Visitor: 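Sharing a structure with you now.
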Amino acid sequence: MRGTIGSRILNRSIVKHIPAYGKNKASAGRDYSVIEEYRDDKEFLVAADGYSSQGVMAVIRAVNNLSVSGAAAQRIMISIVAGEDILEQVLRDEMQRIVEYSSEKGFIIAGGNTVYSGAGEDVSFTVTAYGRTKCITDYRPKPGDKIVMFGSAGEYGANVICSQDREKLKERFSEYYLKSFDFPMEKTDISQAMIAAAERGEIMIHDISFGGVYRALYEMALVSGCGLDIIHENIPIKQSTIELSEYYNINPYMLLGTGGAVMAVSPDRAKKIVQLLTDFGQDVSVIGELTADKAMTVRSELYNMNRSLTMYDGDEIYKAL
């Protein structure tokens, strides 16, 4: 297995053993942690992590996770774990890209750690982003809250598959059509949109990453203590993502979704949040609501579908690559 660890192991062997700290209680579905509260300034120091085999993508995921708190990243720490056979040039190039991206975005690289993990040429980056915000609330999602989705299901994952398996895909799709999978790096950074949404209050945000929108929805329901009623056809998804997923026999709703997020919003604010996020150029839709019972259901009368969401075991991208 690769990617984020499965929900069962994560919950019973890792999260379960972490004690609560102040208002913080670690759990799958919480993307950030409040490190300290400055009562005089009414500010919070917040931290969040991001992981990837690519340095800049690890930075982006950390910044995205931080932004759902309403905080903009100011400093980052970088931990690199590499196989002892990796070329030094690979590390140099990745670090140079991180430095250039951080300089462009105004992040200060405050430090980190670099270790060898044994034989092999693999490398992984874990980035911790730090920032401050005044807009953190104790909002607890409740039954009747609307679920808003930002971005398109599996779009980034489809881009990764297309990038790494392009020659194979040329046997099925034209070169012109393959261009529809292009997903520019700047589109994966959703921090500005998430900060804008968080500042409106009465909202809980969870960004979509490994496991796709289904995993993000499942974890949001667990954190809120509610069930889900999701309308399948309301979930934004590109036709190209559907066709690629059919080709590989994978589920696009469980496919890597960096660049997207789901939000639980009070019913009276949902329309305004949709209008706000639409201005950021991504697909935005109300896809369902939280319920009083514990059932987590994705349904469709159009497609005669009724599916229960379950724990995340692994991302569909690893079935294709």
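Note that this is a predicted model, so its numbers are computed, not measured.
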Visitor: Ring-plane angle category for Phe181 and Tyr177, please: parallel below 30°, perpendicular beyond 60°, tilted otherwise.
Guide: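 If you compare the ring of Phe181 with that of Tyr177, the planes turn out perpendicular.
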Visitor: Below 4.5 Å, heavy atoms only, C-beta onward: do Asn64 and Asp189 meet side chain to side chain?
Guide: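 In short, these two side chains touch, coming nearer than 4.5 Å.
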Visitor: Using 30° and 60° as the class limits, which term best fits the ring planes of Tyr51 and Phe210: parallel, tilted or perpendicular?
Guide: tilted
Visitor: Hey, does Val160 have a side-chain heavy atom less than 4.5 Å from the side chain of Leu321?
Guide: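 Heavy-atom side-chain distance check passes, below 4.5 Å.
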Visitor: Taking atom types as modelled, find out whether Asp145 and Ser266 have a side-chain donor-acceptor pair closer than 3.5 angstrom.
Guide: no
Visitor: Are Ile76 and Ile108 joined in one hydrophobic group, where the rule is that I, L, V, M, F, W and Y side chains link up if heavy atoms are under 4.5 Å apart?
Guide: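 Ile76 does not cluster with Ile108.
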Visitor: Do any N or O atoms from the side chain of Ser102 and from the backbone of Val99 form a donor-acceptor pair under 3.5 angstrom?
Guide: no
Visitor: Provide the closest heavy-atom pair for Leu178 versus Leu169 in the form atom of the first, atom of the second, distance.
Guide: CD2-CB, 3.9 Å
Visitor: Does Arg132 make a cation-pi contact with Tyr38 (under 6.0 Å, within 45 degrees of the axis)?
Guide: yes
Visitor: Would you please say whether a donor-acceptor pair under 3.5 Å links the side chains of Gln89 and Asp93?
Guide: yes
Visitor: Between Ser224 (side chain only) and Cys226 (backbone N and O only), is there a donor and an acceptor less than 3.5 Å apart?
Guide: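 Checking the backbone N and O of Cys226 against the side chain of Ser224, a donor-acceptor pair under 3.5 Å is found.
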Visitor: For Gln282 and Phe150, indicate whether the former's side chain and the latter's backbone hold a donor-acceptor pair under 3.5 Å.
Guide: no
Visitor: Do Asp207 and Met194 make a side-chain contact, defined as non-hydrogen atoms from C-beta onward lying under 4.5 Å apart?
Guide: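 Answer no - side chains too far apart.
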Visitor: Do Asp165 and Tyr247 have side-chain atoms, one donor and one acceptor, less than 3.5 Å apart?
Guide: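 On atom types as modelled, these side chains do not qualify, holding no pair under 3.5 Å.
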Visitor: If hydrophobic clusters are built from ILVMFWY residues whose side chains come within less than 4.5 Å, do Val81 and Met95 share one?
Guide: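 As far as the 4.5 Å side-chain criterion goes, Met95 and Val81 are not connected within one cluster.
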Visitor: Assigning hydrophobic clusters by single linkage (Ile, Leu, Val, Met, Phe, Trp, Tyr; side-chain heavy-atom cutoff under 4.5 Å), is Tyr218 placed with Ile231?
Guide: no
Visitor: Return the CE to CZ distance between Met220 and Arg215, rounded to the nearest 0.5 Å.
Guide: 13.0 Å
Visitor: Do Thr114 and Ser79 come within less than 4.5 Å of each other through their side chains, counting heavy atoms only?
Guide: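 Result no, sub-4.5 Å side-chain heavy-atom pair not found.
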Visitor: Does the Ser52 side chain pair with the main chain of Met57, one donor and one acceptor, at a distance under 3.5 Å?
Guide: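 Not confirmed, Ser52 side chain does not pair with Met57 backbone.
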Visitor: Between Asp31 and Ala48, which heavy-atom pair has the shortest distance, and what is it?
Guide: O-CB, 3.4 Å
Visitor: Show the numbers, then the answer: is there a salt bridge (charged side-chain N to carboxylate O under 4.0 Å, His left out) between Glu94 and Arg97?
Guide: CA-CA 5 Å; Glu94 286 286 349; Arg97 282 190 282 267; 3.5 Å; yes
Visitor: Is there a path from Val284 to Val286 through hydrophobic residues (I, L, V, M, F, W, Y) whose side chains come within less than 4.5 Å of each other?
Guide: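 Both belong to a single hydrophobic cluster.
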Visitor: Using salt bridge (Lys or Arg N to Asp or Glu O under 4.0 Å) as the criterion, list what pairs up with Arg172, not counting sequence neighbours.
Guide: none
Visitor: Look at the side chain of Asp315 and the backbone N and O of Leu255, then say whether any donor-acceptor pair between them is shorter than 3.5 Å.
Guide: no
Visitor: For residues Leu277 and Ile195: do they belong to one hydrophobic cluster (side chain heavy atoms under 4.5 Å, members Ile, Leu, Val, Met, Phe, Trp, Tyr)?
Guide: no
Visitor: Strictly by modelled atom types, are Ser152 and Asp283 linked by a side-chain donor-acceptor pair under 3.5 Å?
Guide: yes
